[in-house]
Amino acid sequence: MDLSIIQNLLVTGLLRGGLYALMSVGLALVFGVMNICHFAHGEYYVIGAYVAYFAYALFGLNPILAILVAAAASFLAGAITEKLLFYPLRKFNKGEWVMNAFLLTAGLSTVLQSIFRLSFGMKYMGIIQYWDATVSIFGMNIAVDRVVAFGIALVAIGGLWLFLRRTRTGRAIRAVSQDERGAQLAGIDLNWIQTLTFALGSMLAGLGGASLLSLSPAYPFAGNKPLIASWFVVTIAGLGNVEGAIVGGLLVGVFESVSYYLLGQGWQDVASLVLLILLLLFKPAGLFGTRVKSVWE
Amino acid sequence: MLAVKNLQAGYDCLQVLWDVSLAVEEGEFVALIGSNGAGKTTTLRAVAGLIKPAAGEIFFLGRNISGLPAHLISRLGLSFITEDLNLFEAMTVRENLLLGAYSQRDDRKVHTSLDFILNLFPILLERRNQLAGTLSGGERRMLALGRGMMGTPRLLMVDEPSLGLAPKMVMAVFEALKVLHGQGVTILLVEQNVNNTLHLADKAYVLEHGRIVLQGASAALLEDPYLKETYLGRR
């Protein structure tokens, strides 16, 4: 394998991995703070994609603005979902929270997919591109859309990092993930933190769906692939580990493009699943599972 | 400041407290003593809002707080340091302390408290960038005390601060409580270490099987024949 091929694989892998990282960070955050195995995460990706489509293709908004509107919409959708479904579940749940919350997300996923189907029909709603340009990286011509999507993922993850590390509310989110009772006694309102966390996680997914609209159009079931990919990443990284999800997302992106190149199309999923099985057999806590336990440590 | 009236509380179908009444006045150091399973921790939990009282009333600063959620009670100025401390283990000592002042939005006041606490517990100053999970048992108690003090509470409730500590550390913890009380902090202390506690507190309540069986000034209790025989092992 000569150098240019390695460079190519690395670039395409990282560009792909940026989205995985973005999706997985949301998933890890929701699991780390709320103990929810979120299987409707992909639907917020789809909400982001639909909103960006309407904002950009129908209302002719500037691409960046359209993506921001999509992020805001998925944040709002996440907040409403939490207040409408998970808050009552938390209140009336007796034991078995993890299982009940998981079942609720599984049902929510089906319901949301049906709503998308009823509202927009079984058709692809996509755009050719946000920006009609390419850039050259290591002699490869890459659509600006992909690079911008990667940049958005990095900025969003970096912003989240600063928020969790440096702000009072961000610290409170980490506090809740580490010790709910301690957080309550410090005066932190658990309900508010949980709504905020779910909304932030949904926003990250929506951001992914919106920024990759030209590569994968909005479609009622468009959330399945990113959902599975991000679950793959958090399983590898260790559940609820946000930092691990970033590294894991990029790693999986590169791993997929390498196995795609070496084994041929269609085999990259096989390679990923084999990796997952091996990891679960020999290191079930995930790559970073033993060292780190909570949201961002 | 705090008045508990005919409190009944427990867990699901197990009632632990039967008609507990007690009062803490501003500036007092009050102790709640009793053996294992007497209901001391349950009393504090009910006051802090972690469990809902089945009956009875709890007044704090003249306001009925029974049934209020824990975070609102904390924001009223009632700080509860639990037996298992509930530290944020994967955060630094400094972050833990800052979270203690979560309800205080004025940055200047937060930093005044931070300086005060780090000054009071020099060991925390030394360890401020270390993760809370890496501290020793005694240091963890100090951190929990410090975090509980960060919001400049009106009342500090401390549950078994001497539990599991080496005798030297026990003395250090009691010394810290004494200093805090000397600075005008009102304290409600739960302890099994009866002798030490009575020498520190102004007055005490003795809890047995979920009922207050004895109460009065510490000096008087130290001379009480029943208490002497049951808790101090003297005749």
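Just so we're on the same page: letters track the sequence lines, and every chain starts at 1.
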Quick one: CG on L185(A) to CG on L85(B), what's the gap to the nearest 0.5 Å? 11.5 Å
Give me the atom names and distance for the closest heavy-atom approach of S103(B) to A186(A). OG-O, 3.8 Å
OG1 on T82(B) to CG on D179(A), rounded to 0.5 Å: 7.5 Å
Determine which residues belonging to residues 68-81 of chain B lie within contact range of chain A, meaning some heavy atom pair is under 4.5 Å apart, and list them by number or answer 'none'. A70(B), H71(B), S74(B), R75(B), F80(B)
Is atom CZ of F282(A) surrounded by more than 12 heavy atoms (other residues, nucleotides or ligands) closer than 6.0 Å? no
Does R174(A) qualify as a cation-pi partner of F88(B), given the criterion of NZ or CZ under 6.0 Å from the six-membered ring centre and within 45 degrees of its axis? no
With distance as the sole test, does R171(A) use its side chain to make a donor-acceptor pair with the main-chain N or O of E95(B) at under 3.5 Å? no
Other residues, nucleotides, ligands: >12 heavy atoms within 6.0 Å of R94(B) CZ: no
Would you say CZ of R168(A) has more than 12 non-hydrogen atoms from neighbouring residues, nucleotides or ligands within 6.0 angstrom? yes
Is there any residue in residues 68-87 of chain A with a non-hydrogen atom under 4.5 Å from a non-hydrogen atom of chain B, and which ones are they? none
Drop me the distance from L50(B)'s CG to R181(A)'s CZ, to the nearest 0.5 angstrom. 4.5 Å
Using a cut-off of 6.0 Å, state whether more than 12 heavy atoms not belonging to W192(A) lie near its atom CH2. no
Look at atom CD of E96(A) and say whether more than 12 heavy atoms of other residues, nucleotides or ligands are closer to it than 6.0 Å. no
